Amino acid sequence: MRYIQWFITFPSLVLSILLTTGLSLSDIVTAVFMCLVVVVSGLVGALVHSTYKWGYFTFGCVAIFYVW
């Protein structure tokens, strides 16, 4: 349930903030896509029961650095 809420609210909050900044549409779409990547990689990393979960964590961290 937690990831469903994050999948909806995190990109929508970032979208509402970025629409007020005057950035180009391609930058806004890319940032919102990276927000979705953060949530999905966190979900996959939480569900995987192997040592590869750190790869998903790293991938999510790289995506969140892009959003920042």
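Everything quoted here is computed from the prediction, not taken from an experiment.
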Quiz item: Got a sec, which residues hit ring pair (Phe, Tyr, Trp, His ring centres under 6.0 Å) with Tyr52, two or more places apart in sequence or on another chain?
Solution: none
Self-check item: Enclosure of Phe10 CZ (heavy-atom neighbours >12, cutoff 6.0 Å)
Solution: yes
Self-check item: Those residues that, when tested against Phe33, pass ring pair (Phe, Tyr, Trp, His ring centres under 6.0 Å) (two or more places apart)
Solution: none
Exercise. Not counting sequence neighbours, which residues clear side-chain contact (heavy atoms from CB on, under 4.5 Å) with Leu15? List them please.
Key: Leu19, Ile28, Val32
Practice problem: Can you measure from OG1 (Thr58) to NZ (Lys53) and round to the nearest 0.5 angstrom? | Solution: 12.5 Å
Quiz item: Looking at Ile8 and Ser12, what are the two nearest heavy atoms and their distance?
Solution: O-OG, 2.9 Å
Quiz item: Can you tell me how far the CH2 atom of Trp54 sits from the SG atom of Cys61, to the nearest 0.5 Å?
Solution: 9.5 Å
Self-check item: Within-4.5 Å side-chain heavy-atom neighbours: Tyr66 and Thr30
Solution: yes
Exercise. Quick one: closest heavy-atom pair of Thr20 and Ser16, and the distance?
Key: CG2-O, 3.6 Å
Quiz item: Is it the case that one hydrophobic cluster holds both Ile4 and Val39, taking links as side-chain heavy atoms less than 4.5 Å apart, direct or via other members?
Solution: no
Quiz prompt | Hydrophobic cluster membership, Val48 vs Val38, 4.5 Å side-chain cutoff | solution = yes
Practice problem: Locate the shortest heavy-atom distance separating Gly60 from Ser41; write the atom from each residue and the value. | Solution: CA-OG, 3.2 Å
Quiz item: Are a donor atom and an acceptor atom from the side chains of Ser24 and Asp27 found within less than 3.5 Å of each other?
Solution: yes
Self-check item: Heavy-atom pair of closest approach, residues Val67 and Met34
Solution: CG2-CB, 3.7 Å
Quiz item: Are Tyr56 and Tyr3 connected in a single hydrophobic cluster, I mean Ile/Leu/Val/Met/Phe/Trp/Tyr linked by side-chain heavy atoms less than 4.5 Å apart?
Solution: yes
Practice problem: Answer yes if Phe57 and Trp68 sit in the same cluster of Ile, Leu, Val, Met, Phe, Trp and Tyr residues linked by side chain heavy atoms under 4.5 Å apart, and no otherwise. | Solution: no
Exercise. Give a yes or no on whether Leu25 and Leu18 share a hydrophobic cluster (residues Ile, Leu, Val, Met, Phe, Trp, Tyr; joining criterion: side-chain heavy atoms under 4.5 Å apart).
Key: no
Exercise. Find out whether Val40 and Phe7 are in side-chain contact, i.e. whether some heavy atom of one side chain is under 4.5 Å from a heavy atom of the other.
Key: yes
